[in-house]
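Below: one structure, written as structure tokens.
None of these values were measured; they are calculated from a predicted model. Heavy atoms only: backbone and side chains are in, while hydrogens, waters and symmetry mates are out.
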Amino acid sequence: MNKNNPQIKRLLEDIQTNNTKNLVLYSIHGCPACEEFKTKLAKLNIVYESVDMENNETMWTKLGEMGGSEYVPQITVENELIKDYKDVNELLSKTISEMINRKVLLR
């Protein structure tokens with residue numbers, strides 16, 4: 001990611017401006033997709049709360065009631081669950097889009 005690119009620079013500024021929004025990441029320790037997602041969030045300095053889903057039936061039920069899947073990672077932005085994503089990059093794109101209120105596509 002070229003941080004000198006004006007579009008990237010604006011995106012990073014928008015992320016930091018909106019970094020006070022409540023993000024909750026539902027994951028399981030050791031899950032490769034979860035670890036990849038956490039790494040990408042860290043690179044962008046995105047602040048989030050982490051909920052361990054290992055043997056956490058209460059949270060699985062809550063996610064199911066919100067329309068979530070039976071897989072991790074899953075994330076909420078301001079209590080809205082991000083749904084229907086096919087990979088970590090799409091989940092990240094949708095998360096950032098929700099944070100900054102504009103569509104973002106990351107590859």
Side-chain angles (χ1 to χ4, degrees):
M1 182 182 302
N2 180 358
K3 293 182 181 181
N4 293 324
N5 176 314
Q7 291 176 322
I8 300 295
K9 190 173 182 178
R10 179 174 169 236
L11 175 61
L12 293 172
E13 288 170 356
D14 286 349
I15 290 170
Q16 290 312 302
T17 300
N18 290 284
N19 214 3
T20 58
K21 290 193 174 177
N22 182 27
L23 275 67
V24 180
L25 173 64
Y26 303 90
S27 64
I28 294 175
H29 181 72
C31 159
C34 298
E35 298 306 319
E36 178 184 353
F37 191 65
K38 288 177 183 179
T39 298
K40 290 181 179 199
L41 291 174
K43 284 183 180 179
L44 294 169
N45 295 317
I46 295 176
V47 177
Y48 63 92
E49 176 187 345
S50 184
V51 174
D52 182 14
M53 298 300 288
E54 186 83 31
N55 299 317
N56 193 340
E57 290 305 316
T58 302
M59 290 310 300
W60 282 113
T61 300
K62 179 181 175 182
L63 282 175
E65 290 169 354
M66 294 169 61
S69 70
E70 56 190 46
Y71 303 101
V72 288
Q74 294 187 63
I75 192 163
T76 57
V77 179
E78 295 293 316
N79 297 313
E80 291 295 321
L81 184 67
I82 305 294
K83 300 177 190 174
D84 303 321
Y85 61 91
K86 64 181 181 230
D87 59 29
V88 170
N89 284 337
E90 187 175 3
L91 178 58
L92 184 60
S93 294
K94 288 184 172 195
T95 300
I96 293 170
S97 294
E98 284 294 317
M99 283 179 68
I100 66 175
N101 296 316
R102 70 178 166 89
K103 188 165 179 116
V104 175
L105 295 175
L106 301 175
R107 294 185 176 99

Checklist entry - According to the salt bridge (Lys or Arg N to Asp or Glu O under 4.0 Å) rule, which pairs have a member within residues 49-69, sequence neighbours left out? => result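 Sorted result for residues 49-69: empty, none.
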
Item to check | Summary of salt bridge (Lys or Arg N to Asp or Glu O under 4.0 Å) pairs that have at least one residue in residues 72-95, sequence neighbours excluded | outcome: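 Only Glu90-Lys94 qualify under salt bridge (Lys or Arg N to Asp or Glu O under 4.0 Å).
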
Please report the interatomic distance [atom1]([X]) to [atom2]([Y]), rounded to the nearest 0.5 Å.
| X | Y | atom1 | atom2 | result |
| --- | --- | --- | --- | --- |
| Leu92 | Met99 | CG | CE | 9.5 Å |
| Ile75 | Tyr26 | CD1 | OH | 9.0 Å |
| Leu41 | Ile46 | CG | CD1 | 5.0 Å |
| Glu13 | Asn18 | CD | CG | 12.0 Å |
| Ile15 | Asn19 | CD1 | CG | 8.0 Å |
| Met53 | Thr58 | CE | OG1 | 9.5 Å |

Decide whether [X] and [Y] are clustered together by the hydrophobic rule: side chain heavy atoms of Ile, Leu, Val, Met, Phe, Trp, Tyr closer than 4.5 Å, transitively.
| X | Y | answer |
| --- | --- | --- |
| Val104 | Leu12 | yes |
| Leu91 | Met59 | no |
| Leu25 | Tyr71 | no |
| Ile100 | Val47 | no |

Are [X] and [Y] side-chain neighbours, meaning at least one heavy-atom pair lies under 4.5 Å?
| X | Y | answer |
| --- | --- | --- |
| Val51 | Ser27 | no |
| Leu44 | Ile96 | yes |
| Trp60 | Asn55 | no |
| Phe37 | Gln74 | no |
| Ile82 | Thr76 | no |
| Lys40 | Thr95 | no |
| Leu11 | Arg102 | yes |

Item to check | Nearest heavy-atom neighbours spanning Gly67 and Leu81 | outcome: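 Smallest heavy-atom distance, with atoms named: C-CD2, 3.9 Å.
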
Checklist entry - Between Val88 and Ala33, what is the shortest heavy-atom contact and its length? => result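 Distance-wise, the nearest heavy atoms are CG2-O, 3.6 Å.
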
Checklist entry - Would Lys21 and Glu98 satisfy side chain to side chain contact (heavy atoms under 4.5 Å, CB included), going step by step from the backbone distance to the final call? => result CA-CA 10 Å; Lys21 290 193 174 177; Glu98 284 294 317; over 6 Å; no

